[in-house]
Amino acid sequence: MLLRKVAICDDIESELEKIKAALGAYEEAHPELCFDVDEYHTALDILNAVEKEKTYDIALLDICMPGILGTDIAKEMLAKAPDTNIIFLTISDEYAVEAFAMNATHYLLKPFTQEQFDAALGRSVAKMPEEIVLSITCVDGMYRVRTSEIVFIESQGHYLLFHLSGRKILRQRGKLAQMYEELQKYPEFIRIGASYIANLIFVRKVSASIIELSNGKIPIPRRSSAEVQRAYIDFCKKQALR
């Protein structure tokens with residue numbers, strides 16, 4: 001099952017409900033998908049979430065909202081996460097050219113049919129790569145987390161701390177070696193010493209003794225320093241050639 005993070009923003013409650021219903025119908029028709037949905041009732045609410053590093057795979061945005069246009073929200077979202085699939089929903093085609101200029105996935109005029117909605121969402125889903133989803137069992141329940149959300153994993157006693165891109169930390173009982181066996185098939189993950197696994201996508205700087213990530217720092221054992229730096233350089237080269 002593929003997990004996709006979705007944001008919906010519309011300041012009119014009835015329109016928000018229609019979008020949620022259409023999304024639910026699409027999900028029901030595609031059992032291979034699972035949508036993790038956040039809904040926002042004002043432009044300011046979603047803008048605040050984005051400024052706090054909240055990112056999404058798909059954003060369904062009304063354009064004409066009080067205070068801030070949906071196109072301005074989209075620009076902020078794309079600045080944080082360029083791969084976000086933006087679908088605009090609006091009663092007017094006035095902003096179609098601007099939406100096209102920012103490479104929006106779709107521009108959907110209200111009222112829309114389920115068929116039109118499905119076509120727009122289908123384009124977004126098709127653009128996204130498949131990812132592994134981990135089930136992490138914590139004290140307060142089970143979480144489904146994509147590998148692309150994991151910044152680094154820290155071993156602490158008999159537990160693993162999953163540091164996520166949204167700055168949330170999940171704690172699960174387990175061994176780092178077993179977790180690395182599951183993740184080492186993905187080139188972005190590297191084991192650092194006995195206590196850490198890092199996602200190289202989130203690396204900001206690598207020095208002889210420290211690897212700095214988007215939301216933390218990991219000490220590099222002296223004996224592993226050259227290996228870690230070499231692995232990061234190789235990863236960057238491969239990414240550049242993709």
Side-chain angles (χ1 to χ4, degrees), residues 2-27 29-30 33-129 131 146 148-149 151 164-168 201-202 204 214-215:
L2 303 178
L3 180 67
R4 301 306 186 197
K5 296 170 66 178
V6 181
I8 303 174
C9 184
D10 199 305
D11 63 305
I12 300 175
E13 185 65 30
S14 60
E15 293 296 325
L16 189 68
E17 292 300 322
K18 289 177 185 177
I19 298 169
K20 286 167 56 181
L23 186 65
Y26 185 93
E27 185 176 20
H30 297 81
L33 294 172
C34 177
F35 293 131
D36 179 11
V37 182
D38 287 342
E39 57 183 86
Y40 299 94
H41 299 260
T42 71
L44 185 59
D45 287 342
I46 190 170
L47 193 60
N48 286 338
V50 171
E51 288 175 350
K52 294 177 181 176
E53 306 300 325
K54 191 81 173 178
T55 60
Y56 294 96
D57 297 307
I58 302 170
L60 299 157
L61 306 176
D62 183 27
I63 290 183
C64 299
M65 293 183 284
I68 308 170
L69 291 175
T71 48
D72 292 328
I73 295 170
K75 289 174 185 176
E76 293 294 327
M77 298 185 84
L78 292 169
K80 298 283 186 181
D83 292 334
T84 305
N85 286 272
I86 304 293
I87 299 176
F88 289 116
L89 304 102
T90 181
I91 60 173
S92 170
D93 60 3
E94 178 182 356
Y95 299 94
V97 173
E98 185 176 357
F100 179 78
M102 67 174 63
N103 200 28
T105 302
H106 210 91
Y107 192 95
L108 202 55
L109 288 174
K110 299 176 182 178
F112 54 82
T113 65
Q114 184 66 47
E115 184 178 5
Q116 291 170 330
F117 183 89
D118 290 351
L121 201 63
R123 287 180 62 185
S124 293
V125 171
K127 290 172 65 177
M128 291 179 284
E131 293 184 84
R146 295 178 307 171
S148 61
E149 297 179 81
V151 180
L164 307 182
S165 55
R167 297 193 176 276
K168 187 178 183 68
I201 290 174
F202 293 97
R204 299 292 178 266
S214 60
N215 64 353

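What's counted below: heavy atoms across the whole structure, side chains too, no hydrogens, waters or symmetry copies. What you see is a predicted model, and the numbers here were worked out from it, not measured in a lab.
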(message) Regarding Asp38 and Lys54, does a basic nitrogen lie under 4.0 Å from an acidic carboxylate oxygen?
(response) yes
(request) Tell me, with the steps shown, if Ile68 and Leu47 meet side chain to side chain contact (heavy atoms under 4.5 Å, CB included). (result) CA-CA 9 Å; Ile68 308 170; Leu47 193 60; 3.4 Å; yes
(request) Give a yes or no on this: more than 12 heavy atoms of other residues, nucleotides or ligands lie within 6.0 Å of atom CD1 of Ile91. (result) no
(request) Measure across Ala49 and Tyr40 and return the closest heavy-atom pair with its distance rounded to 0.1 Å. (result) CB-OH, 3.4 Å
(message) Among residues at least two apart in sequence or on other chains, which ones pass side-chain hydrogen bond (donor to acceptor under 3.5 Å, both in side chains) with Ser214?
(response) none
(request) Could you tell me which non-hydrogen atom of Ala43 sits nearest to which non-hydrogen atom of Met65, and how far apart they are? (result) CB-CE, 3.9 Å
(message) Assess the residue pair Tyr107 and Ile63 against the criterion (side chain to side chain contact (heavy atoms under 4.5 Å, CB included)); give the C-alpha distance rounded to whole Å, side-chain angles, the decisive distance to 0.1 Å, and a yes or no.
(response) CA-CA 10 Å; Tyr107 192 95; Ile63 290 183; 3.6 Å; yes
(message) Using a 3.5 Å distance criterion without hydrogens, assess whether the side chain of Arg167 forms a donor-acceptor pair with backbone atoms of Ser165.
(response) no
(message) Is there a side-chain contact between Asp62 and Glu15 in this structure, where contact means two heavy atoms from C-beta onward sitting under 4.5 Å apart?
(response) no
(request) Of all the heavy-atom pairs spanning Asp11 and Cys64, show the shortest one and how long it is. (result) OD1-O, 3.9 Å
(message) Checking side chain to side chain contact (heavy atoms under 4.5 Å, CB included) between Leu89 and each of Leu109, Ile8, Leu60, which is the one that passes?
(response) Leu60
(request) Looking only at non-hydrogen atoms, find the nearest pair between Thr84 and Tyr56 and report the distance. (result) OG1-O, 3.3 Å
(message) For the backbone of Phe35 and the side chain of Glu27, can you confirm whether one donor and one acceptor N or O come within less than 3.5 Å of each other?
(response) yes
(message) Holding to side-chain contact (heavy atoms from CB on, under 4.5 Å), I want the full list of residues that pass it with Lys75, two or more places apart in sequence or in another chain.
(response) Asp72, Glu98, Met102
(request) Rounded to the nearest 0.5 Å, what's the gap from CZ on Phe117 to CG on Leu23? Could you check? (result) 5.0 Å
(request) Give the minimum heavy-atom separation between Gly70 and Phe88, together with the two atoms involved. (result) O-CE2, 3.6 Å
(message) Whether the side chain of Asp57 engages the backbone of Lys5 through a donor-acceptor N/O pair (distance < 3.5 Å, no angle test) should be reported.
(response) yes
(message) Looking at Val125, is its backbone amide N or carbonyl O close enough to the side chain of Arg4 to form a donor-acceptor pair, meaning the two atoms are under 3.5 Å apart?
(response) no
(message) Quick check on Glu13: does its CD atom have over 12 non-hydrogen neighbours (other residues, nucleotides or ligands) under 6.0 Å away?
(response) yes
(message) To the closest 0.5 Å, what do you measure between NE2 (His106) and CG (Asn85)?
(response) 12.5 Å
(request) Might you point out which heavy atoms bring Thr42 and Cys9 nearest each other, and give the distance in Å? (result) O-SG, 3.5 Å
(message) Quick test of your reading of the model: are Asp10 and Lys110 salt-bridged, counting only N-O distances below 4.0 Å?
(response) yes
(message) Whether the side chain of Asp118 engages the backbone of Tyr26 through a donor-acceptor N/O pair (distance < 3.5 Å, no angle test) should be reported.
(response) no
